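All heavy atoms count here, side chains included; hydrogens, waters and symmetry mates do not. Since the model is a prediction, treat every value here as computed from it, not as a measurement.
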Amino acid sequence: MAAATLKDATAIVGIGQTPFAKQLPESEKTLACRAILAALDDAGIDPSEVDGFASYTMEETDEVEIAKAIGAGDVTFFSKVGYGGGGSCATLAHLASAVATGQASVGVAWRSRKRGSGKRPWTNTAVQLPTPGQWTRPYGLLRPADEIGMLARRHMHEYGTTRDHLFNVALACRNRANQNPAAQMYERPLTREMYMNARWISEPLCLFDNCLETDGALACVIVSAERARDCRQKPVYLHSVAQGLPAQHHGMVNYWNDDPLTGPAWTAARQLWKQADFGPEDVDVAQIYDAFTPLIPLSLEGYGFCARGEGGAFTEGGALEIGGRLPINTSGGGLSEAYVHGFNLINEGVKQLRGTSTAQVPDAATCLVTAGEGVPTSAVLLRS
């Protein structure tokens, strides 16, 4: 019996988003509904047809409230994915599975967040630390920036990665945001001098190595490949989907792994490429999770675009820019468009394959989208 597969069985047919800003007046629920309704309108699908939902465990507005507010009908599938930014592409995987197996016919994934004006999850000192946090926070690794800063220093020590390599990442994302009127960093150029003189956040990470603080919401709509052909927009097919949780994983810092620098991306990548008809060399554009610049070199290695230890060097010579070896984060990403737990990377991948990006890669037909590296993660290969 042939193995069951989700390959090209479903497609994204609608995307939507709210404005992005450091502070928006609307509630997270209102922002979520606006993004979802925009995505449904983009697809030409009435809200009453929605019968599947997928979101993050960190989403504070649940599917019950969303379904009532948008006017959905009976809902037959709903799920939530953990680990913050690691869950973005997994929401698509869950909906693809549901639609492909008949558990739902119109699935909606979304993320709504008031990170710019809201609280930080690590600031709550009233609750007992989870077990992983007991091994990090008492020793000064209080924030994700501190933890990723430690991984970055390890990469620098072992492989000669430099701050110029991290600057290449920040610059590529900023350059694309400068082309995107929806980006928070639109028309705000970044120079090497600005980068090198910026204040430290957690050495070796400076201000520009860290993602933005953003209020906003995004959503997308998934249906079967058969139905997608009759929708309003050009279908973007989910060619391969994967999640990754490596053995003996310890969130962010990978304390117990044989090599802390071979994180969840490596596990997700093996599954992703195993199910795909093409490989890293065939990817036209990538939207790689960029809460921090070092995640790009780590992910380039994990997903097979270069050998272990070569992620820093890969960024040289404009490799990440339009026209380079692998254009990345063409809306500006989390570093320069908006940080909404990576969901903007999904929508930008769809725009690239529709040919509607503000920084369009010519003739883009394949796109890798990744979720947060450092935590249990997920990824999706999109094709036109």
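- A donor-acceptor contact closer than 3.5 angstrom is absent between the side chains of Glu49 and Ser105.
- Asp215 places a side-chain N or O within donor-acceptor distance of the main-chain N or O of Ser117, the cut-off being under 3.5 Å.
- Between the side chains of Asn254 and His249, at least one donor-acceptor pair of N or O atoms lies under 3.5 Å.
- Counted by atom type alone, Asn344 and Gln17 present zero donor-acceptor pairs between their side chains at under 3.5 Å.
- In the model, Thr377 has no side-chain atom that pairs as donor or acceptor with a side-chain atom of Gln243 under 3.5 Å.
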Check against side-chain contact (heavy atoms from CB on, under 4.5 Å), Asn329 and Leu335: CA-CA 9 Å; Asn329 300 10; Leu335 289 166; 5.8 Å; no
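- A donor-acceptor contact shorter than 3.5 Å is absent between the side chain of Asn197 and the backbone of Met194.
- Checking side-chain atoms of Lys22 against main-chain N and O of Leu212 turns up no donor-acceptor pair under 3.5 Å.
- Between the side chain of His239 and the main chain of Ala276, no donor-acceptor pair closer than 3.5 Å is present.
- The main-chain N or O of Asp62 is never found under 3.5 Å from a side-chain atom of Lys80 such that the two would form a donor-acceptor pair.
- His94 and Ser79 share a side-chain donor-acceptor pair at under 3.5 Å.
- When atom types are taken as modelled, the side chain of Asp282 and the backbone of Gly279 share a donor-acceptor pair closer than 3.5 angstrom.
- Taking 4.5 Å as the limit, every side-chain heavy atom of Thr214 sits out of range of all side-chain heavy atoms of Lys114.
- Side chains of Gln233 and Asp42: a donor on one and an acceptor on the other come within 3.5 Å.
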Using side-chain contact (heavy atoms from CB on, under 4.5 Å), reason through Leu205 and Trp200 one step at a time and then give a plain yes or no.
CA-CA 6 Å; Leu205 305 186; Trp200 295 118; 6.0 Å; no
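- Looking only at atom types and distance, the side chain of Glu59 has a donor-acceptor partner in the side chain of Trp110 under 3.5 Å away.
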* Asked: Are His341 and Tyr56 close enough, and set up right, to give a side-chain contact (heavy atoms from CB on, under 4.5 Å), and what steps lead you there?
  -> CA-CA 9 Å; His341 262 156; Tyr56 302 56; 3.7 Å; yes
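- Of the N and O atoms on the side chains of Thr358 and Gln179, not one donor lies less than 3.5 Å from an acceptor on the other residue.
- Side-chain atoms of Gln360 come within 3.5 Å of backbone N or O of Gln352 as a donor-acceptor pair.
- Using a distance-only test at 3.5 Å, with no hydrogens or angles considered, a donor-acceptor pair links the side chain of Gln275 to the main chain of Gln271.
- Around CH2 of Trp256, the count of heavy atoms belonging to other residues, nucleotides or ligands within 6.0 Å exceeds 12.
- Checked by atom type, the side-chain pair Thr366/Arg383 shows no donor-acceptor distance below 3.5 Å.
- A distance-only check finds a donor-acceptor pair linking the side chain of Asp51 to the backbone of Val106 [under 3.5 Å].
- For the pair Thr162 (side chain) and Asp164 (backbone), a donor-acceptor distance under 3.5 Å is present.
- Just one of Glu337, Glu348, Glu321 meets the salt bridge (charged side-chain N to carboxylate O under 4.0 Å, His left out) condition when paired with Arg176; it is Glu321.
- The closest side-chain donor-acceptor pair between Asn180 and Ser331, if any, does not fall under 3.5 angstrom.
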